[in-house]
Every structure is written in C-alpha cells, then in structure tokens.
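Worksheet: one structure, shown below.
For reference, positions follow the sequence shown, starting with 1. In listed order, ligands and their atoms are each counted from 1.
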Amino acid sequence: MQPQPFFQDPELIPLYEKVRAQERLTREDGITLYRSRDLLGVGYLANLARERLHGRRAYYIYNQHLNYSNVCVNGCRFCAFGKTAGDPQAYTMTLPEITAKVRERLGEPITEIHIVGGLHPDLPFSYYLEMLRSLKALRPEVHLQAFTCVEVAHLADLAGLSVADTLRALKEAGLGSIPGGGAEVFSPRVRTSLCPQKLSPEGWLSVAQTAHRLGLKTNATMLYGHLETTKERVDHLIRLREAQDETGGFVTFIPLAFHPKNTSLPDLPETTGFDDLKNLAVARLMLDNFPHIKAFWIMIGPKMAQLSLAFGADDIDGTVIEEKITHMAGAQTPMGLTRSQLLHLIQEAGCEPVERDTLYNVINS
Ligand code: V47
C-alpha cells in the first residue's frame, strides 16, 4: 500500500483521490483549491499532474520579444503600456526599425520572436503583413509568434476581412502561432470596470478557435491580482478548458500577475508569492487538457518562476531580452536572462532543462 500523503487541509484529501485517478476537477474543486491555505498540499497535487505529463523536464526557449507599438484604442485600466496616439510616451516602430532590432541579434541562436502591440487606430493591414514577411526574410528559421487574439480581431476590422481570412493572410506572410494575451479575465463584471472596449470573451475564444481550425496553435492567459474573485478565476479556467475540448489548439497557459504601477489602479497591492504559486498550481490541476503551464519569469521574478517548477509549471519562458508591457507597469525584474541563468535556475530546482522551440519541439536537452 502506498503511504497516504499528509495534508494540512483535509478538504484536499478527496481531491488527491481524484488527481490520482485522473478524474476531471469540478468548479467546486477549483474553488476549494483557490481557498485552501495549504499551499504545499495544493502544490503537491499540481506536481503529481505535472510529473505525470513531463517528469522532471523543465522547458525554456531562446526568444526575443518585440513590442512594435504601444498606441492603443482600448484604454484598459490595468495597462500601463497602451497610450493614445498623441501621448508623449506613444511610439510606433517603422518596419526598418523592426528589422534593425532583429538584425542586432542575428548572431544569437534565437528560435522565436514574440510580437505583441497595442490596437493602433490606423496602421494599415499591409504593415503587419510586411512585418512578418521581412522578419521571415531576415531569419527564415525563426518561429513568429505574433498578435494576440485581440489584435487579430482588430486587424480583421481594419482589413475588412473575416477573422479566418485575416489569419490565412497572416499565416501566408509567416505567422507561426498566436500568443495568449488579451484574455484578461472573462468575467463580464470585471471587464465592464476594467476594459469595456475590449474584444468580448466570446470574441477572444472565437478567434482562438478559428486559428485552431486553420492549424495555428495559440496560447492562453489569465490576468490575476486585480478585481477578480476566486469564482471568476475558476470560471475563466473552465471556459478555456471547454474551448480546448472542442478545438484542442491551445498549447500553453500562462497566468499573468497584475502589476499596478502607472496603471489606473495604482493603489492595488502587487501579487504575492503565495498567490503566484497558487495560480500556477490551480491552473495545472484544472486545465487537464492543456499540455503546458508556463511561469513567465518577467512577471513573477526568476526566483518565483524557479519555485513554480515544483508547483505545477513545466516552462519558465525564455531569454526575452527586452520587454515593455510589464516593465512600464513597474516590474523590477531584469529585461532578459541568459541561457546559463535559465539553466542554473532549472538545475538548482532539481529539474532537467530542455530547450524547446515555440511548439515544444526539443532543440537541446
Ligand atoms: O494581454 C497588461 C497583460 C498581456 C499588465 O503567449 C499586464 O507565451 C500585468 O500576451 N500587469 C500581453 N500584465 C502579454 C502576453 C504574453 C506574455 C507572456 C507570454 C505570452 C505567451 C503572452 O499582458 C496583455 C495583458 O493581459 N498586461 N498590462 C499589467 N499592468
């Protein structure tokens, strides 16, 4: 007989039985996990699920982030990055500036360029297509993970095309997959207060599922640590899980820790380490049909990302090099990490580092 693990919170015992039997967790189970103060118990459960999928492997990527413009018509209250066109801090990179940024690092073994920007009111669709084409011409081997579902819907409006035709055109120009941003929290209550102009949850899910049907993989996120309740977090995860049951194209889920500085919510506290680990662990347990759970070290810090490898996460993202969205909202983390820093974090956590490409093909292990 296997010895029974010890849980400080007895409410976790029935969940242990379910996790062991690989039974799907319910909404109530998700709420129990979030409400539990037994972080080690929740982490133990998440680690069971993580090890079943990935053993002690921990993924990282040699990547570069590119935030081409912060001009945005959405005006989300949680965002310090987006600016109106006339704002002194507004910027839009020209195509030669974008290619120059990538050319600067041609000597590095980058496998992914991660591209996210604001919803610019009047850049033509050709700007985005040309961006992808010229980056592909410069670095044909690199995977372009570009434009969140919110940006894709905006581009479809700009171009007067359906979402499917927009995605087809982007794919033809070199788009490899879609990053997970823009989902925020699906709760209508929170969105009415924080981002009333933003693409609806139905719209976000529909773009993601359209992409899946066209053979494009996408990621998913949840922005936590602002106005959302525990139940709203669980509902967000369940909607993602249901969408994944239908189309199966989500690769990674990334909980994003809210950074309050320079936003319209500057008095909210920063997220805590407890909540950062809890979100990763609950995500691993609830999203049983998502292959990967990523701890984005830019948002929670390299040390917390390292610990998360024992709390359900199997990926700590990558080198990044330069990031603006979180840093404009006060992030104190570095802008980039070297490969040896990533390896050190992973190995010290007792994990086996695996360098991956965007779609988790192994490059080096
Ligand atoms: O959608 C905005 C978030 C997202 C703040 O797919 C904020 O691998 C914290 O898409 N504090 C964009 N977060 C980032 C994104 C992303 C990041 C990392 C990995 C992946 C991936 C995708 O950043 C936005 C929004 O949810 N955000 N403001 C803020 N103040």
What part of [X] sits under 4.0 Å from ligand 1 if we count only heavy atoms: the side chain, the backbone, both or neither?
{"X": "Ala257", "value": "backbone"}
{"X": "Ala329", "value": "side chain"}
{"X": "Phe81", "value": "neither"}

Per-atom contacts, ligand 1 versus [X] - under 4.0 Å to a heavy atom:
{"X": "Pro179", "value": "6 (O)"}
{"X": "Ile254", "value": "6 (O), 8 (O), 20 (C), 21 (C)"}
{"X": "Leu223", "value": "7 (C), 9 (C), 13 (N)"}
{"X": "Met299", "value": "9 (C), 13 (N)"}
{"X": "Leu256", "value": "3 (C), 4 (C), 23 (O), 26 (O)"}

With a 4.5 Å limit on heavy-atom distance, are the side chains of [X] and [Y] in contact?
{"X": "Arg356", "Y": "Val362", "value": "no"}
{"X": "Asp357", "Y": "His143", "value": "no"}
{"X": "Lys324", "Y": "Met335", "value": "no"}

N/O of [X] under 3.5 Å from N/O of ligand 1, yes or no?
{"X": "Lys294", "result": "yes"}
{"X": "Thr221", "result": "no"}
{"X": "Asn219", "result": "yes"}
{"X": "His114", "result": "no"}
{"X": "Phe78", "result": "yes"}

So which heavy atom in the protein is nearest [atom], and how far is it from that ligand atom?
{"atom": "atom 2 (C) of ligand 1", "answer": "Ile325 CG2, 3.7 Å"}
{"atom": "atom 25 (C) of ligand 1", "answer": "Glu184 OE1, 3.4 Å"}
{"atom": "atom 11 (N) of ligand 1", "answer": "His259 N, 2.9 Å"}

Using heavy-atom distances only, which candidate in [options] approaches [atom] most closely?
{"atom": "atom 10 (O) of ligand 1", "options": "Gly182, Gly82, Gly181", "value": "Gly181"}
{"atom": "atom 17 (C) of ligand 1", "options": "Trp297, Phe296, Tyr224", "value": "Phe296"}
{"atom": "atom 6 (O) of ligand 1", "options": "Ala183, Cys76, Gly180, Ala220", "value": "Gly180"}

Note to self: Going by side chain to side chain donor-acceptor pair (under 3.5 Å), name the pairs with one or both residues in residues 278-287, residues two or more places apart or in two chains.
What the structure shows: Tyr34-Asn279, Asp275-Asn279
Margin query: Around atom CD of Glu11, are there more than 12 heavy atoms from other residues, nucleotides or ligands closer than 6.0 Å?
Written below: no
Identify each donor-acceptor pair in which a side-chain atom of residues 178-186 lies under 3.5 Å from a protein atom, sequence neighbours left out, and give them as a table.
unit_1	atom_1	unit_2	atom_2	d
Glu184	OE2	Lys198	NZ	2.7

Next item on the list: Considering only NZ, NE, NH1 and NH2 on the basic side and carboxylate oxygens on the acidic side, decide whether Arg239 and Glu242 come within less than 4.0 Å.
Entry: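 Between Glu242 and Arg239 there is no salt bridge, as every charged N stays at least 4.0 Å from the carboxylate O atoms.
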Margin query: Do the side chains of Asp314 and Arg50 get close enough for a salt bridge, i.e. N-O under 4.0 angstrom?
Written below: no
Check: Parallel, tilted or perpendicular: which fits the ring planes of Trp204 and Phe250, with parallel below 30° and perpendicular above 60°?
Finding: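 Geometry flag for Phe250 against Trp204: parallel rings.
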Next item on the list: Over 60° means perpendicular and under 30° means parallel, so classify the ring planes of Phe253 and His236, tilted if in between.
Entry: tilted
Check: Would Tyr59 and Tyr360 count as a ring pair (Phe, Tyr, Trp, His ring centres under 6.0 Å) if you check the C-alpha gap in whole Å, the side-chain angles of each, and the deciding distance to 0.1 Å?
Finding: CA-CA 8 Å; Tyr59 295 95; Tyr360 289 81; 5.3 Å; yes
Next item on the list: Show your reasoning for whether ring pair (Phe, Tyr, Trp, His ring centres under 6.0 Å) applies to Phe311 and Tyr44.
Entry: CA-CA 7 Å; Phe311 286 78; Tyr44 174 78; over 10 Å; no
